[in-house]
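Shown next, in structure tokens, is the structure this report addresses.
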Amino acid sequence: METYLQSRITDALLKVGVEQDNLPEIKIETPRVASHGDAATNVAMTLASVLRKNPRQIAQDIIDNLELDSQKITAAEIAGPGFINFRYSENYLYEQLHSLLESGDKYGETEDFKGLRVLVEFVSANPTGPLTVGHGRNAVLGDTVARLLEWSGADVDREYYFNNAGRQMRVLGQSVQARYHQLFGEKTELPDGGYEGEYIQDIAKQLADEYGESLLQEAGEEVFRQKAERAIFEEIGRTLERMNIKMDSFFNEHTLYEDGSIDRTVQAIREKGYAYDKDGAVWFKTTEFGKDQDTVLIKSSGEPTYRLPDIAYHVHKLERGYDLCLDVFGADHIDTYPDVKKGVEVLGYDASKIDVLVYQFVTLVKDGKPFKMSTRKANFVTLDELMDEVGEDVTRFFFLMRSPNTHLEFDISTAKEAGEKNPVFYLQYAHARIQSILRKVKEVSNDAWQMPAKEELNLLQHETEKALIKKLLAFPGAITAAAVSREPHKLITYLNELASAFTSFYHDCRILGESTGLMVARASLAHATATVLANGLTILGIEAPDRM
RNA sequence: GCGCCCGUAGCUCAACCGGAUAGAGCAAUUGCCUUCUAAGCAAUAGGUUUCAGGUUCGAGUCCUGACGGGCGUACCA
């Protein structure tokens, strides 16, 4: 419909005398106030200064030259300072509703990103401990944006990037080793900066159960590191599964060393003249890109900083042929992103294919106060603990509810309320309620719901019915908007409006007890609403229950 | 100091890359269950969009400057 209006308006503009080269971009938007119509454009106003004419006059000229199909649009009128408002015909609504019903669980899919190969890299927590609440927002955002892109036609892979070498992991191994020795009565201290979480003791205990005392002979921490890594990855895998997240691949940073990518990357940056040696370290000339200081690529110890493998990794992604590499990470990592892009660019790759979704931090709140759920000495709350406390659906929903670039206050008191206050249930309840009605319809008519003919939908004449249809038709656009801006909360806002439009309809129009024709038409409308709710919840990774 | 994000109703947040009368939920007040799920609906109240300038037909949105909060600014990841 949008493209239809755009082409009609373009034709009218040409007739009015606007030159081909001066055609403005024609924006079609949905007015905030329903009384303003179903679609509107502001072209007349944007043209006012160019044509040096009164915008309302321009609008009138455009309307006079518009050739609209009355089967689709019934009215085009001037309003306010020069908006042109359009109204959809009933026929158009019924036609669209009918095709929605035909699409069923595919309704909402578009081809906006058709053919685009996307790699979403997210979570990417190193296996040093269980996933925390902070990782939770990352995981859910990444997965949901991936789903949004998939619904928009993109070909999406999900990847988890990790590093199982380096100092952090050695300390992890040492920590487990220390706990293991303690289990057998030895007074071994945790290493400096060791991991204090209770899970370290759990892993040590597993090892004791499995191997008895035999590991006491181990001199180094390597065995413990390996065991810890495996145990932690298993737990992370279970957590992700619980959250409805399935990775396509896990990428080990180590492979970049093995295949020589790291060395080649440094070499290439040197050759381009963007790297130099100083104080035994290798530096990246980030000052040339407007930074205050140059940054270190390889420490004087010979170990690279994370920037170098990050650059090599992104080159690797691009070489795999992705058109879009989307990284999801927290606000604390934002500073590395320009360096990586510049590095990739210096190496001759198209850095514009790399995009980043940055999210702000999460604060847990309970009864109005910052809340620490964990009694463990380690200073974090795990995702599993959170899900145990409030449930999987609520967890996903709360992480998605807000715009990624504002701080998220996760109110556990609200999340735990199974009822009125909890916004997740509003959507699920609407779905369950519709299913309940449809079950009753089936009893009455002794027949399952069937696809109605288009004409049968003509009985939907009530204002709340038409408002609901219009809301349903906005679903694909809502997905696209959320996918383009990578903001899943836009979809939630839409679904809330949809559920609200449904309850207005439910309040004003009965389904059972009406004549057969009207009952069929309304049941179809309810069915369509349930379909859209279910599709929307699927994208959010949340259940759409049939009963509550 | 510098960079990024944020500042909207008592609280938590929306506002479709500059549009028409700034909207939801929670909290408050009131009304609605012998008819399809009241986990709901309807209504009332709540705002100088932190402040001061600027840009233009038009600003919560863009620019400048204050003020306030978060995160960075490592030879940590």
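Numbered from 1 within each chain, the chains take letters A, B, ... in sequence-line order.
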Proximity to the side chain of A/Leu512 - top-ranked nucleotide from B/A39, B/C36, B/C13: B/C36
In whole angstrom, give me the gap between the C1' atoms of B/U61 and B/G7. 13 Å
Report, as a single string ordered 5' to 3', how protein heavy atoms within less than 4.0 Å touch nucleotides 67-77 of chain B: B base, S sugar-phosphate only, - not at all. ---SSS-SBSB
Heavy atoms from C-beta onward define the side chain here; which of B/A39, B/A20, B/C41 lies closest to that of A/Tyr429? B/A39
With the 90 degree cut-off around zero defining syn, does B/C33 come out syn or anti? syn
Considering only atom P, compute the distance from B/C16 to B/G23 and round it to an integer number of Å. 13 Å
Take A/Tyr160 and A/Phe122 through the ring pair (Phe, Tyr, Trp, His ring centres under 6.0 Å) test and state the conclusion after the steps. CA-CA 6 Å; A/Tyr160 186 125; A/Phe122 63 116; 8.3 Å; no
CA sep, side-chain torsions, deciding dist, call: A/Phe251, A/His316, ring pair (Phe, Tyr, Trp, His ring centres under 6.0 Å): CA-CA 11 Å; A/Phe251 191 98; A/His316 195 278; 4.9 Å; yes
Per-nucleotide protein contact string for nucleotides 45-50 of chain B (B base, S sugar-phosphate only, - none; heavy atom under 4.0 Å): ------
Write down the distance between CD1 (A/Ile412) and P (B/U12), rounded to a whole number of angstrom. 16 Å
Distance below 4.0 Å between A/Tyr426 side-chain N/O and B/A24 OP1 or OP2: no
List the steps, then state whether side-chain hydrogen bond (donor to acceptor under 3.5 Å, both in side chains) holds for A/Asp294 with A/Tyr276. CA-CA 10 Å; A/Asp294 288 339; A/Tyr276 63 91; 2.6 Å; yes
Within the pair A/Arg510 and B/C36, is there a side-chain N or O less than 4.0 Å away from OP1 or OP2? no
Intra- and inter-strand pairing of RNA chain B, written as dot-bracket with Watson-Crick and G-U pairs under 3.5 Å and | for the latter, reads (((((((..((((.....[...)))).(((((.......))))).....(((((..]....))))))))))))....
The test is ring pair (Phe, Tyr, Trp, His ring centres under 6.0 Å); show your working for A/Tyr359 and A/Phe399 and say whether it passes. CA-CA 10 Å; A/Tyr359 60 91; A/Phe399 279 133; 9.0 Å; no
State whether the aromatic ring of A/His36 stacks on the base of B/A20, taking stacking to mean ring centres under 5.5 Å apart and ring planes under 30° to each other. yes
Apply salt bridge (Lys or Arg N to Asp or Glu O under 4.0 Å) to the pair A/Arg225 and A/Glu229, showing each step before the final yes or no. CA-CA 6 Å; A/Arg225 190 198 64 77; A/Glu229 179 185 335; 3.0 Å; yes
Rounding to an integer number of angstrom, what distance separates B/C11 and B/A27 when you compare their C1' atoms? 8 Å
Take atom P in B/G18 and the same atom in B/C13, then report the distance between them in whole Å. 24 Å
Quick check on RNA chain B: between A/Asp508 and A/Glu487, whose nearest nucleotide comes earlier from the 5' end? A/Glu487
Basic-acidic side-chain contact under 4.0 Å: A/Asp335, A/Lys291: yes
Would you find more than 12 non-hydrogen atoms of other residues, nucleotides or ligands less than 6.0 Å from A/Lys442 atom NZ? no
Trace of the salt bridge (Lys or Arg N to Asp or Glu O under 4.0 Å) decision for A/Asp546 with A/Arg439: CA-CA 10 Å; A/Asp546 288 341; A/Arg439 281 192 295 270; 5.4 Å; no
Please give the distance between the C1' atoms of B/U48 and B/U12 as a whole number of Å. 23 Å
Is the phosphate of B/U35, meaning OP1 or OP2, less than 4.0 Å from a side-chain N or O of A/Lys440? no
Quick one: on RNA chain B, does A/Pro404 or A/Ser436 contact a more 5' nucleotide (nearest heavy atom)? A/Pro404
Salt bridge A/Glu487-A/Lys490, side-chain N to carboxylate O under 4.0 Å: yes
Residue pair A/Arg87, A/Glu77: steps toward the salt bridge (Lys or Arg N to Asp or Glu O under 4.0 Å) verdict: CA-CA 9 Å; A/Arg87 282 173 207 286; A/Glu77 54 212 25; 3.0 Å; yes
What integer number of Å spans the C1' atoms of B/G10 and B/C5? 25 Å
Using the C1' atom in both, what is the distance from B/A15 to B/C33, to the nearest Å? 35 Å
Evaluate A/Phe425 against A/Phe397 for ring pair (Phe, Tyr, Trp, His ring centres under 6.0 Å), listing each step before the verdict. CA-CA 10 Å; A/Phe425 293 106; A/Phe397 190 89; 9.3 Å; no
Is there a side-chain polar atom (N or O) of A/His489 under 4.0 Å from OP1 or OP2 of B/A15? yes
Can A/Arg433 be said to sit on top of A/Tyr506's aromatic six-ring, NZ or CZ under 6.0 Å from centre and within 45° of the ring axis? yes
In plain terms, say whether A/Glu303 and A/Arg167 are close enough for a salt bridge, that is, a side-chain N and a carboxylate O under 4.0 Å apart. no
Spacing of the P atoms in B/A59 and B/A77 (rounded, Å): 50 Å
Could you work out which one of B/U37, B/A20, B/C41 sits closest to the side chain of A/Thr503? B/C41
